[in-house]
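Lettering of chains follows the sequences in order, A, B, ..., and the numbering in each one begins at 1. Please read these numbers as outputs of a predicted model, since none were measured by experiment. We use all heavy atoms of the structure for the numbers below, so side chains are in, but hydrogens, waters and symmetry mates are not.
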Amino acid sequence: MFRQREGSPFRGLAVVALKEAADHMTSMRVHLVMLLILLTALGSVYAAIGQIKETVGEDAFLFLRLFTTAREPLPSFVAFLGFLLPLVAIALGFDSINGEYNRRTLPRVLSQPIYRDALLTGKFVGGLIIIGMCLLVLWLLMTGLGILLLGLPPSGEEVLRGIAYLFAAFAYAGVWLAVALLFSTLFRTPATSALATLTVWLLMTVFWSMLAPLLAGVLAPIDPLDPMTAVHQVEVQQAIARISPNVLYGEMTLGLLHPETRTFGLLFPSQVSQALMGAPLPVSQSLMLIWPQLSSMIAAFLVLFTIAYVSFQRQEIRP
Amino acid sequence: MSVVIETKGLVKRYRGHVAVNGVDLTIERGEVFGLLGPNGSGKTTTILLLLGLTEPSGGTVSVLGLNPLRDPLSVKQRVAFLPDQVGFYDQLTARENLVYTARLAGIESGMAHRRIDESLARVRLEAVADRRVGTFSRGMRQRLGIAEIILKQPEIAILDEPTSGLDPQSTHELLTLIGDLARGGMTIVLSSHLLDMVQSICNRVALFNRGKIGLCGPVETLMGDVMGGTHTVEVDAAGIDLKEILAGKPHVMRVRQDRQNNWRVDTDADVRPEIARHIIAAGGELRRMSIRQTSLDDVYVRYFEEAANVQAA
C-alpha cells in the first residue's frame, strides 16, 4: 500500500546530531578513548621522527614518512589508527539506540514532532562529527609536530595526500560506527551490543588475515600442473581478505602514503617492463588506485546503515 | 464541544497475540478522560496508536481531525505525551533536558527559555533546574514530565500511568498539576490502574478488559450500571435469610451473601434503618451494620469479577 508521509524526515536532525556530539564531548568514555589515541599518536610520531633522523638521507616524501614509519617496538601512526579508530567508533555507537530504550527516553523523544529517521541519522551524524574532529585534530597535531621537530614544511602534494588519507580514515571509522549503530538497534542490552561489535572487530582485525588463506585454499585449490590455479588462488584470497574493512584501510594507506605503490595485487614482469621501479605516482593516479577500496568502504557503510535504519523503523517503541 | 480524538474498530496485533481488539473511543475537547484497566489490557498500546508511535493492524484513528500515520508531525506538534515511567537524560540538567525537547518541538529559542522558566516554576522544580536529572526522585521526574507538557502547550495531553510508583504525597501533587492543566482548557487522556485518582479527576472513563472497552461513560453512570447502586451496606445478622426479606423493597438493588450470616446490600440511598427494621421484624438477630459509598474500586473489582465469570462459563 502506498502511503505518503507528511513533513520532512530531516526535521530535528541537526538538533539530535548536535546534542549527540555534545554528549560525546562530555562523556567519560569518549575522553578515555581520545586520551589513549592522543598518547599513542604522540608516541608513534616521536618514534618515527627519531627513526627518520637516523636513517633517511634523501626522500621526496619525507613528510609522509611521519605517518608510516615504525620504530620497534611501536607500530606506525597509521597502523595505530587502523587499530584504534574502530575502537573510537564502537565507543561512540554501541549504546546509541538501545541506550535510549534503557533510559526510557525513546517514547518521549519520539513523541516530539520528529520522525524516527531524524533520531537514527542524527545519532550517526553526531558520531561522525566527533570522529571527524578527532581525526582533524590528530592530523594537524602530526603536521605541526613534523614541522617543529623535522624543521621542514610539507609539500603541496603531501598535503593533498594527507587530506585524502584523512578522508579514507574517516570512511573507515564510519564503517565501524555503522556496525556499532546496527548492533545497538539489534540488541537491547548495551553490553551485548558492545561485545558483538568487539567480536566483529577482533574477527576483522586479527583473525580475518588468518582465515582468508584457509578459505581461499578450500575454494580455489592449486593444481600443481596448472600454474594459473596458483594465481587464481591468490586472487580469491585477496578478494576474501578485502571483506575486512581493515584490509581495505591498509591498502588505502599504502596507496596514498607510499606514492610509489602501483598495485595491491600480483604484478607480472610483463606489466612493469617499461616502468621505472620505485618512481612515485602522481596524486591523481594514487587516488585512482585506491578508488575501488574507498567506494566499497562507503558502500559497506551505506548497506550497514540501511539495515540499521530498516530494523529501527520496524521496532516497536515499547521495551 | 467538538470531538478531538476518535477511533473506530482499532486493532493491534503483536506476533500472535492481540493487544487491542476493536476499540471505539470518542473524546471531546476539554474532557479529562480516564483509560482504566489491569496491566496488559491494552491501555498503553491504545495510547501509542493515538500518537502514531505504532501502526494499527486495523481500524482508524483520528486525532484533531488528522491521521497520526499520515501526518504524524502535525499530530505530535499538537499532542503531548508523558510515557509510563518517563525517562530523561540523566547526565543533563532538568533545564537542558527541556531545552532539547523545545528544540525538537521547534519552539523558537527566546520563547523556549521563557516557557521553560515558567513551566519549571509551575511544577516547583525551579530550585533544582540546574541539577542533573540523575539525582532526581521518581516524583520529581514525573513533575519534570509535566513541565515538558506545559512547555509544549499542546491541545491534548496524553499521560500513561502518571502516578504509578509515586508516594501519596507526590501523587497528590501530580494530580493537582494535572487538574490545573485541565482547568486551563487542555484535553487530558490518562491511563491508570489507580482508581481513586481517576475517580477524583476524570469526567469520563473507559474500562479496558483484554483489549476491549468493557464500559465507557461518566463515573457515576458506571457505578449505577455495574454496581446497581451508589451505597453498599454490609450486614452481619443471624437467624434470617436477608435475601428473602429484602426482596422487592424500595432502594434495594441487590443482595449478596458473602459468608454465613454476612450479606452485602447494594442500595441507591442510605436505607440502614429500613433494613434493620426488616431484620428485627423477621425475628432475626442484627449484630452489625455498616455503610460506605461505592467507589470506582468496587466497580472495577466487580466488573472484572463478572468478566472473569463470563469467561469461565
Highest number of heavy-atom pairs under 4.5 Å with chain B: which of Arg108(A), Arg116(A), Arg103(A)?
-> Arg108(A)

Flag the one option from Ile114(A), Leu18(A), Asn102(A) with the top tally of heavy-atom pairs under 4.5 Å to chain B.
->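 Greatest number of close heavy-atom pairs with chain B: Ile114(A).
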
With only heavy atoms counted, which part of Ser8(A) is less than 4.5 Å from chain B, the side chain, the backbone, both or neither?
-> backbone

Contact class of Asp23(A) relative to chain B, heavy atoms under 4.5 angstrom |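 Contact with chain B is through the side chain of Asp23(A) alone.
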
When rounded to the nearest 0.5 angstrom, what distance separates [atom1] in [X] from [atom2] in [Y]?
X	Y	atom1	atom2	value
Ile317(A)	Thr45(B)	CD1	OG1	11.5 Å
Ser111(A)	Ile149(B)	OG	CD1	9.0 Å
Glu55(B)	Arg314(A)	CD	CZ	10.0 Å
Tyr89(B)	Lys19(A)	OH	NZ	4.0 Å

Identify which part of [X] has an atom lying under 4.5 Å from any heavy atom of chain A, answering side chain, backbone, both or neither.
X	answer
Asp84(B)	backbone
Leu104(B)	both
Leu82(B)	neither
Gln91(B)	side chain

Pick from Leu51(B), Leu53(B), Thr54(B): which one has the most heavy-atom pairs with chain A under 4.5 Å?
-> Leu53(B)

With chain A, which of Gly87(B), Gly145(B), Ser74(B) has the greatest number of heavy-atom pairs at distances under 4.5 Å?
->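 Option with the top pair count is Gly87(B).
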
Nearest atoms (heavy-atom pairs only) where [X] meets [Y]:
X	Y	value
Glu316(A)	Lys12(B)	OE2-NZ, 3.4 Å
Glu148(B)	Gln112(A)	OE1-NE2, 3.7 Å
Arg11(A)	Ala105(B)	NH2-O, 3.4 Å

side-chain contact (heavy atoms from CB on, under 4.5 Å) between Val16(A) and Tyr100(B), intermediate numbers included | CA-CA 8 Å; Val16(A) 177; Tyr100(B) 184 47; 3.6 Å; yes

